[in-house]
Amino acid sequence: MKILVTGGSRGIGKGIVKELLAAGHQVGYCGRKAVDPASVPENAAFFQADVSDIAGHDALLDAFEKHFGSAPDMLVNNAGVAPEVRADLLDMPIESFERVMRINLEGPFFLTQNVARRMAKAAEQENADSRKFRAIVNIGSVSADVASINRGEYCLSKSAVTMATKLFAVRLADLGIGVYELRPGIIKSDMTECVTAKYDKLIAEGLTLQRRWGQPEDIGKAVVMLASGALAYSTGQIIGIDGGMTISHF
């Protein structure tokens with residue numbers, strides 16, 4: 001497949017790119033900051049783009065199509081941020097709320113809309129019985145369901161991503177485009193670096209059934225599974241990758 005991964009330069013996104021390339025897919029990935037061309041993996045392409053800049057989406061997708069010869073067969077909406085300051089819910093500044101929503105929800109939503117239009121145009125030119133499998137994958141978070149009052153804006157953004165997954169699943173089903181949400185738990189990345197000691201302790205005490213950090217590659221392997229079409233009959237579903245964190249147990 002020809003796959004576009006947003007926020008693919010670091011953290012979870014980097015793990016996704018790595019696993020997709022290992023599985024033989026053609027991968028383009030984007031990030032806000034320029035990268036050293038020597039750091040771009042073989043058989044991959046990097047596009048500098050800010051997903052929250054909706055006016056720049058056409059340029060990103062046009063560049064992808066020029067490089068790979070067609071629109072993406074799969075979009076992985078991975079780019080996302082945590083609040084710059086973890087503030088109590090009663091002290092959350094509106095600027096933080098707007099920043100997190102713009103990057104985590106608004107940008108990915110309208111990028112999905114743009115990609116879906118291009119996917120739909122391609123799908124409509126194919127025979128319905130032999131239509132190519134296409135997919136959109138949203139990287140959500142356990143924070144969609146687990147309330148964290150010192151980063152409420154993040155929780156709200158990820159909860160909204162869940163509804164966006166359902167909405168696009170309904171709209172695109174007749175075109176053979178699967179839409180999924182992967183919901184990571186505690187993943188070792190630059191986003192969680194500032195709370196490493198906290199989660200080391202909690203994981204050791206049983207926060208997750210599997211007493212280890214999740215790794216970016218854990219998410220990457222799940223994306224590879226979806227790209228294979230193994231869950232083509234499961235559109236709209238949420239897949240938890242959290243080491244059993246969200247299973248109620250005693």
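All values derive from a computational prediction rather than experimental measurement. Only this structure's heavy atoms are used, side chains among them; waters, hydrogens and symmetry mates stay out.
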What are the two closest non-hydrogen atoms of [X] and [Y], and how far apart are they?
X    : Y    : answer
A120 : I177 : N-CD1, 4.3 Å
S157 : V100 : OG-CG1, 3.8 Å
P108 : I103 : CD-O, 3.1 Å
P216 : I187 : N-CG2, 3.8 Å
F109 : A164 : CD1-CB, 4.2 Å
R134 : E126 : NH2-OE2, 2.7 Å

- Message: Tell me whether K221 is salt-bridged to E217, with the criterion being a basic N under 4.0 Å from an acidic carboxylate O.
- Response: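 Between E217 and K221 there is no salt bridge, as every charged N stays at least 4.0 Å from the carboxylate O atoms.
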
* Between D218 and K188, is the closest basic N to carboxylate O distance under 4.0 Å? ->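 The answer is no: the pair does not qualify as a salt bridge.
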
Nearest 0.5 Å, what's the [atom1]-[atom2] distance between [X] and [Y]?
X    : Y    : atom1 : atom2 : value
E153 : E98  : CD    : CD    : 11.5 Å
D53  : F110 : CG    : CZ    : 13.5 Å
I149 : M92  : CD1   : CE    : 10.5 Å

Residues R118, D62; criterion salt bridge (charged side-chain N to carboxylate O under 4.0 Å, His left out); working and verdict: CA-CA 10 Å; R118 297 176 189 231; D62 288 347; 3.0 Å; yes

Q | Derivation and outcome, side chain to side chain contact (heavy atoms under 4.5 Å, CB included), residues N43 and H25 | A | CA-CA 9 Å; N43 299 325; H25 295 286; over 6 Å; no

Any side-chain heavy atom of [X] sitting closer than 4.5 Å to one from [Y]?
X    : Y    : answer
N77  : T112 : yes
M163 : L167 : yes
D58  : N114 : yes
V115 : L61  : yes
F46  : S39  : no
R183 : D242 : no
I239 : M225 : yes
T165 : I238 : no

Only residue of N78, D50, T6, V5 satisfying side-chain contact (heavy atoms from CB on, under 4.5 Å) with C30 is T6

- Look at atom CD of E205 and say whether more than 12 heavy atoms of other residues, nucleotides or ligands are closer to it than 6.0 Å. yes

May I ask you to check whether over 12 heavy atoms, not counting those of K18, lie within 6.0 Å of atom NZ? no

Point to revise | Evaluation steps, side chain to side chain contact (heavy atoms under 4.5 Å, CB included), between M74 and L226 | key: CA-CA 10 Å; M74 173 183 275; L226 294 175; 4.3 Å; yes

When you group the ILVMFWY residues by side-chain heavy-atom contacts below 4.5 Å and let the links chain together, are [Y] and [X] in the same group?
X    : Y    : value
V17  : F64  : no
L231 : I136 : no
M1   : L20  : yes

Problem - Residue pair S9 / K14, side-chain donor-acceptor N/O under 3.5 Å - result: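 No, no side-chain donor-acceptor pair sits under 3.5 Å.
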
Can you find a side-chain donor-acceptor pair between R32 and S52 that sits under 3.5 Å? no

The side chain to side chain donor-acceptor pair (under 3.5 Å) partner of W213 among T192, T196, D200 is D200

Query - Derivation of the salt bridge (charged side-chain N to carboxylate O under 4.0 Å, His left out) call for R99 and E84 - result: CA-CA 9 Å; R99 169 182 172 269; E84 292 179 319; 3.8 Å; yes

Check the orientation of H67 and F47. Use parallel for under 30°, tilted for 30 to 60°, and perpendicular for over 60°.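 Rings of H67 and F47: perpendicular, over 60°.
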
Step-by-step side chain to side chain contact (heavy atoms under 4.5 Å, CB included) determination, R86 to V195: CA-CA 11 Å; R86 295 187 174 218; V195 288; 4.1 Å; yes

Under 3.5 Å, side chain of H249 to main-chain N/O of I247, donor-acceptor pair present?
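Checking the backbone N and O of I247 against the side chain of H249, a donor-acceptor pair under 3.5 Å is found.
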
- Residues K132, D73; criterion side chain to side chain contact (heavy atoms under 4.5 Å, CB included); working and verdict: CA-CA 8 Å; K132 179 191 292 187; D73 300 316; 3.3 Å; yes

message: salt bridge (charged side-chain N to carboxylate O under 4.0 Å, His left out), that's the test. Do K166 and E181 meet it? Break it down for me.
response: CA-CA 9 Å; K166 295 177 181 179; E181 178 184 340; over 6 Å; no

